[in-house]
Amino acid sequence: MEEPEQTGDRKRILERLEEWSVVTAGQLEQAGRMAAERAIPLEQALHNLRFTASADPYTVVSEYFGIPYVDLAHFSPDPDAVALLPEAEARRLQVLPLFRTGNLLMVAVADPLDVEAADRVRDLTGLEVGRALADASRLAGKIDRLYGGPEKPEEIIRDLSEEFEIPLSILDRLEAGEEEAFAAPIAEFLQKLIRAAVRERASDIHVNPEKDGVTIKFRIDGILRPHLRVPKKILYPLVSHVKVKSNLDIAISMRPQDGEFHVTRPEGDLDVRVSILPTIHGENLVMRILNAAGMLMDLSALGFSPPVFAAVEKLIARPHGIFLITGPTGSGKTTTLYSVLSRMDSEKLNIITVEDPAEYKLAGIRQVQVNRRAGLTFATALRSIVRQDPDIIMIGEIRDLETAEIAVQAALTGHLVLGTLHTNNAPSGVTRLVEMGVPAFLVASSVIGILAQRLVRLICPACREPSPRETRLLRELLVRTGQGESSGEAVALRGKGCDRCGDSGYRGRTTIAELMVMDDRLRELVGKDTPTAELIEAARAGGMGSLLEDGLAKAAAGRTSLEEVSRVVEIEESLPAD
């Protein structure tokens, strides 16, 4: 008698025979009738009817595509071969290295038609790639075991619950020397948590204590999603372990603490920024995952429209002036700034940044991190930076008049200054500087451009489908914003949710933006301290597209949804007056 798992594996292979064009739908239907009449397996019926050369579905697919079959239940891949492919790529591609012979790397695949996966492995390893067919479920399970996870959440909870059969009141009184009793399992739990967050592309891990338990959430594509719920008694050991790793005071539980720790992984190192806040139910822990490899994107990959991208390239090539990026927290300003810096020639240019905090370490760039306790503020750092003969100065955020004044003076004396502000649109950036106390004529003569941006989620390509209701509204909005020439053909899409996107309907993010480039007319208006509404009209007359227009264009192109655009842009307020 076959094991249930083995029967399920065969069923999954049989279900894909038509998809792979090994047999036709009519042949499957005829074989299905024979199987039912004679009480024989479907694969045997296919063979009896001579639709397949064998009764073994694995052999059928293997021979049809000319690739060998590997039974992963009885095959142990070479660890050295497995180490050649990063975990993230193995999971994404559903490919597992089996062994290496000379310049050939043999890999297991679940889909014989997916040649792009083999091409990607070839690019990553520099080796020729041979493919072997494997059952999809066994392949996924083997990847989990060889790369160290992911364990089922309920198993983690059970193991930890057994480990901490101690009342919380006693845990609270444990001395530092006694923490070794729970350090090992908690360290393993934290490691698995971070690994799961990276695998799911999360930017933050939230550990939220409640009255009767602890909810752990991941922020994925800017949205918080529940991941796990664990017993309340695990909170104290977990927070204590994070404090120790972050060099924080484990004895302090009644005031906020901030720190960071480093995680070393074969796929690439991570920095984890830690924030701890006391609440009525215990200390709330938020860990931000700083993955430099995923952060440092090329400017061209951020999703700017061609006109905006071309204009930004011209602005950052200017020898002096202030170029500002604006938007609320979480709108991707830091990513854009780092992407701009990555295009600079740090060998020929002296580039210095002042940040709070310096989230990523950039090769060839001098980075200064604000330390208010030591008296190192944005302003004091900038005063020293301008004496370091810089070509380009990047200011993490312009927060006060003193910082703004130094930035303006640096721009007027021949430096290119990059910085961020918190404003809702591009023209409001100059208004904000004037409100800080910078004279309007200095703002007009120093600012060269302001980019306002938001992040919107991309519709999952695996489950996107038309949305008739949103299509009607999208076409109407395109007409009202002056983009009506293509509105009749526009189709709004939505993601219905699938395994690939975690049933959210979205996977990944892109940028929508508006760019105000300062020209003579705008400088004249800014110098006169013109109200923001008039600046917006003048910028629009000069060719600036709005955030809403860019969002609608991306919705019309099927990249994001109208619902997502409305989440980050006030549609009615952004529409032009009738």
Side-chain angles (χ1 to χ4, degrees), residues 156-157 160-161 163-194 197 202-219 224 227-264 269-290 329-330 355-360 368-378 380-381 396-397 399:
I156 297 174
I157 293 171
L160 287 171
S161 296
E163 189 73 34
F164 298 112
E165 287 300 331
I166 307 171
L168 183 61
S169 57
I170 296 177
L171 282 174
D172 284 337
R173 295 196 298 270
L174 282 175
E175 299 294 333
E178 297 177 88
E179 288 165 15
E180 294 180 3
F182 56 77
I186 282 293
E188 184 180 355
F189 176 61
L190 178 63
Q191 186 181 52
K192 291 171 181 174
L193 200 58
I194 292 173
S203 60
D204 302 83
I205 301 171
H206 288 241
V207 180
N208 304 142
E210 298 166 359
K211 182 179 179 181
D212 301 318
V214 178
T215 300
I216 297 176
K217 301 177 182 178
F218 289 168
R219 186 175 293 280
L224 276 177
H227 174 71
L228 192 62
R229 187 169 175 83
V230 297
K232 184 70 173 283
K233 55 191 165 186
I234 291 172
L235 177 66
Y236 175 78
L238 177 60
V239 173
S240 296
H241 180 69
V242 171
K243 286 181 180 178
V244 171
K245 288 180 68 68
S246 307
N247 293 317
L248 300 177
D249 193 335
I250 196 171
I252 295 175
S253 61
M254 298 306 294
R255 68 169 185 257
Q257 294 192 73
D258 297 316
E260 63 179 339
F261 62 89
H262 188 74
V263 177
T264 301
D269 293 353
L270 302 172
D271 287 318
V272 180
R273 201 166 72 209
V274 172
S275 176
I276 299 173
L277 181 70
T279 72
I280 59 172
H281 294 304
E283 290 179 286
N284 194 82
L285 169 65
V286 176
M287 294 176 282
R288 168 152 291 185
I289 300 169
L290 304 175
T329 300
E355 306 168 65
D356 182 22
E359 294 191 358
Y360 298 94
V368 179
Q369 180 161 298
V370 167
N371 186 341
R372 290 180 177 80
R373 291 182 181 177
L376 183 61
T377 64
F378 277 103
T380 55
E397 184 181 346
R399 300 179 178 178

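Values in this document were obtained by computation on a predicted structure and should not be read as measured data.
With sequence neighbours excluded, the residues forming a side-chain contact (heavy atoms from CB on, under 4.5 Å) with Pro256 are Leu277, Pro278, listed by chain and number. Residues meeting the side chain to side chain donor-acceptor pair (under 3.5 Å) test with Ser203, sequence neighbours left out: none. When the side-chain contact (heavy atoms from CB on, under 4.5 Å) test is applied to Thr279, the partners found at least two apart in sequence or on another chain are Pro209, His281, Asn284. Legend: residues meeting side-chain contact (heavy atoms from CB on, under 4.5 Å) with Gln191, ordered by chain and number and at least two apart, are Arg195. Scanning for side chain to side chain donor-acceptor pair (under 3.5 Å) contacts around Glu210 gives Thr215, Arg229, with sequence neighbours left out. In terms of the ring-ring contact (aromatic ring centres under 6.0 Å, His included) criterion, residue partners of Phe218 (sequence neighbours excluded) are, by chain and number, His227. For the side chain to side chain donor-acceptor pair (under 3.5 Å) test, no residue two or more places apart in sequence or in another chain qualifies with Arg219. Scanning for side chain to side chain donor-acceptor pair (under 3.5 Å) contacts around His262 gives Asp269, Asp271, with sequence neighbours left out. Scanning for salt bridge (charged side-chain N to carboxylate O under 4.0 Å, His left out) contacts around Arg399 gives Asp356, Glu397, with sequence neighbours left out.
Taking both residues in full, the closest heavy atoms of Phe261 and Ser246 are given as CD2-OG, 3.4 Å, listed atom of the first, atom of the second, then distance. Nearest heavy atom pair, residue Gly375 against residue Thr380, reads O-OG1, 3.3 Å.
For residues 274-284, the pairs satisfying salt bridge (charged side-chain N to carboxylate O under 4.0 Å, His left out) are Lys243-Glu283, with sequence neighbours left out. Pairs passing the side-chain hydrogen bond (donor to acceptor under 3.5 Å, both in side chains) check and including a residue from residues 250-259, sequence neighbours excluded, read Asp258-Ser275.
The side-chain heavy atoms of Leu376 and Val368, taken from C-beta on, include a pair separated by under 4.5 Å. Contact annotation: the side chain of Val239 never approaches that of Val207 to less than 4.5 Å [non-hydrogen atoms, C-beta and beyond]. Using a 4.5 Å heavy-atom cutoff, the side chains of Val214 and Ile234 are not in contact.
Taking CD1 from Ile216 and CZ from Phe189, the interatomic distance works out to 4.0 Å, rounded to the nearest 0.5 Å. Separating the CZ atom in Arg273 from the CZ atom in Arg288 is a distance of 5.5 Å, to the nearest 0.5 Å. Within the model, atoms CD1 of Ile250 and OH of Tyr236 stand 5.0 Å from one another, a figure rounded to the nearest 0.5 Å. To the nearest 0.5 Å, atoms CG (Leu290) and CG (Asp204) are separated by 8.5 Å. Taking CG of Leu190 as the start and CD1 of Ile205 as the end, the distance is 7.0 Å to the nearest 0.5 Å.
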